[in-house]
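Every number for a ligand or one of its atoms is a count from 1 in the order of the listing. It should be emphasised that the depicted structure is a prediction, and the values quoted were computed from it without experimental measurement. Here, residue 1 is the first one in the sequence, and each next residue gets the next number.
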Amino acid sequence: MAVSMDPGISLQELRLAARNHALPLEALRSPLTPIGLHYLLIHYDVPFVDPDSWQLEICGAVERPLSLTLEDLRRRPATDLTATMECAGNGRALLEPRPVSQPWLTEAVGTARWGGTALAALLEEAGPSRAAVDVVFAGLDRGVEGGVEQRYERSLPIDEALGSESLLAYAINGEPLPAQHGFPLRLVVPGWYGMTNVKWLTAITVLEEPFTGYQVTAGYRFKRSEDDEGRPVTRMRPRSLMVPPGIPDFSTRERILDPGPALLEGRAWCGRAPIERVEVSDDDGESWHDADVERDLEGRWAWVRWSYRWEPPRDGAFTLCCRTTDETGETQPLEPEWNVGGYENNAVQRIPVVVRP
Ligand SMILES: Nc1nc2c(c(=O)[nH]1)N[C@H]1C(S)=C(S)[C@@H](COP(=O)(O)O)O[C@H]1N2
Ligand SMILES: [Mo]
């Protein structure tokens with residue numbers, strides 16, 4: 001059996017890829033991603049948490065530090081938030097040269113209905129200092145990254161923490177959070193790339209100076225070269241994906257279609273501005289045709305569904321593509337912008353298909 005694999009993919013990357021799985025693209029048909037099909041990204045190990053002794057600390061530059069049990073959090077006003085989450089490294093393995101890290105192709109994304117309590121209300125109760133700058137969210141998981149031993153920590157600017165619909169989530173799609181998604185509590189910041197949504201949350205610390213932790217000053221920066229200081233990676237760029245049509249060849253994943261019209265469909269999302277349009281191409285991005293866009297989930301932060309009835313003009317090979325444009329006019333590029341960490345690659349997805357005679 002001929003297996004063609006990029007010879008550059010290392011065992012190290014394969015080990016990461018085997019732990020952290022992507023969304024099978026056929027699951028784009030489902031408005032909410034079934035829990036087991038939502039993508040996963042875990043930098044270190046999934047921590048084992050005893051829910052009876054677990055507590056959330058809210059501390060630092062606050063008037064009233066708080067210690068909350070899971071019961072305390074569950075007794076607070078509950079809200080739901082439907083949000084599409086995408087890993088900032090999605091598309092990394094398609095960059096050349098390939099940054100060595102979790103080798104995502106295009107499908108590190110999922111949409112969930114998160115259940116929990118509002119972050120802003122809880123922070124207001126703790127009373128952040130007027131001089132507050134950043135809020136740091138710490139997970140229970142520890143590891144070494146870039147030579148630095150750390151627990152997983154990310155910060156949000158105080159205005160973002162107080163002004164957004166961010167949620168402290170203890171439920172996903174109506175179920176308690178499973179271990180891999182952050183049991184017992186995770187942060188959900190709608191519109192931001194995945195790394196901001198800290199899992200296994202244990203402490204929220206308000207700072208009066210900018211946070212300088214690894215995951216903000218070293219990790220998750222868009223840098224053109226190693227010496228470039230770069231800029232922080234924040235909100236999701238516009239992106240669309242297509243359910244690969246037809247049937248796949250097992251080993252090459254090439255798609256085989258019967259002659260006649262085919263329904264092309266998929267999803268589009270953006271964390272910066274609402275989706276304006278989705279277009280489809282059957283000639284590798286030479287010409288584009290508008291798809292129908294349908295909002296089948298509630299709220300601003302969920303992906304939209306798109307569909308397009310494609311009439312193959314002949315039999316043979318085609319490269320199908322889709323691209324979306326947000327309300328500010330930002331559209332997906334045909335080629336990615338290379339950067340050191342392999343972040344924010346929202347280049348259009350290309351799906352080679354063969355229409356049989
Ligand atoms: N504590 C902690 N939180 C974390 C991570 C982690 O490794 N540890 N990974 C982050 C990254 S990079 C992403 S993309 C999302 C993935 O969330 P999911 O696995 O629930 O899809 O979680 C984020 N939160
Ligand atoms: Mo990520």
Practice task
Please determine if L41 has a nitrogen or oxygen closer than 3.5 Å to a nitrogen or oxygen of ligand 1.
Solution key: yes

Fill in the blank from the handout: The atoms of ligand 1 lying under 4.0 Å from a heavy atom of C87, numbered in the order shown, are 14 (S)

Handout entry: N or O contact, R186 vs ligand 1, cut-off under 3.5 Å
Key = yes

Fill in the blank from the handout: Within 4.0 Å of some non-hydrogen atom of I42, the atoms of ligand 1 are 7 (O)

Problem - Within-4.5 Å side-chain heavy-atom neighbours: R305 and W303 - result: no

Handout entry: Nearest non-hydrogen protein atom, atom 4 (C) of ligand 1
Key = Y152 CE2, 3.6 Å

Exercise for the section: With H43 as reference, evaluate R142, E145, Q102, Q150 under the side chain to side chain donor-acceptor pair (under 3.5 Å) test and give the passing residue. Expected result: E145

Problem - Cationic N near anionic O, under 4.0 Å, D141 to R151 - result: no

Practice task
Return the residue, atom name and 0.1 Å-rounded distance of the protein heavy atom closest to atom 11 (C) of ligand 1.
Solution key: M195 CA, 3.6 Å

Exercise for the section: Please work out whether any backbone atom (N, CA, C, O) or any side-chain heavy atom from C-beta onward of H38 is under 4.0 Å from ligand 1, and answer side chain, backbone, both or neither. Expected result: side chain

Exercise for the section: State whether the shortest distance between N or O atoms of W114 and N or O atoms of ligand 1 falls below 3.5 angstrom. Expected result: no

Practice task
Decide whether an N or O pair under 3.5 Å exists between W200 and ligand 1.
Solution key: no

Practice task
Could you tell me whether E125 and R76 have a side-chain N and a carboxylate O separated by less than 4.0 Å?
Solution key: yes

Exercise for the section: Measure the distance from atom 16 (C) of ligand 1 to every protein heavy atom, then report the residue, atom name and distance (to 0.1 Å) of the closest one. Expected result: Y39 OH, 3.5 Å

Handout entry: Cluster check Y44, F137: I/L/V/M/F/W/Y, side chain < 4.5 angstrom
Key = yes

Fill in the blank from the handout: If you scan protein heavy atoms around atom 19 (O) of ligand 1, the nearest is K199 NZ, 2.6 Å

Completion exercise
Ranked by distance from atom 12 (S) of ligand 1, the top protein heavy atom is Y220 OH, 3.0 Å

Handout entry: Y44 N/O under 3.5 Å from ligand 1 N/O
Key = no

Practice task
Using a strict 4.0 Å cut-off to heavy atoms of N197, name the atoms of ligand 1 that fall inside it.
Solution key: 22 (O), 23 (C), 24 (N)

Exercise for the section: For atom CD of Q12, decide whether the heavy atoms of other residues, nucleotides or ligands shown that lie under 6.0 angstrom number more than 12. Expected result: no

Exercise for the section: Would you please say whether a donor-acceptor pair under 3.5 Å links the side chains of S307 and E294? Expected result: no

Handout entry: Single hit among T202, I204, D72 for side chain to side chain contact (heavy atoms under 4.5 Å, CB included) with L56
Key = I204

Practice task
Starting from the C-alpha separation in whole Å, work towards a yes-or-no answer on salt bridge (Lys or Arg N to Asp or Glu O under 4.0 Å) for E165 and R300.
Solution key: CA-CA 11 Å; E165 293 163 59; R300 150 78 185 89; over 6 Å; no

Problem - Parallel, tilted or perpendicular: ring planes of Y308 versus H289, cut at 30 and 60 degrees - result: parallel

Handout entry: Atom indices of ligand 1 within 4.0 angstrom of M85 heavy atoms, with elements
Key = 17 (O)

Problem - salt_bridge(R239, E107) N-O dist < 4.0 Å - result: no

Fill in the blank from the handout: In this structure, atom 7 (O) of ligand 1 is nearest to the protein heavy atom H43 N, 2.8 Å

Problem - atom 23 (C) of ligand 1: nearest protein contact (heavy atom, Å) - result: G194 O, 3.4 Å

Fill in the blank from the handout: Residue, atom and distance of the protein heavy atom nearest atom 8 (N) of ligand 1 read D141 OD2, 2.6 Å

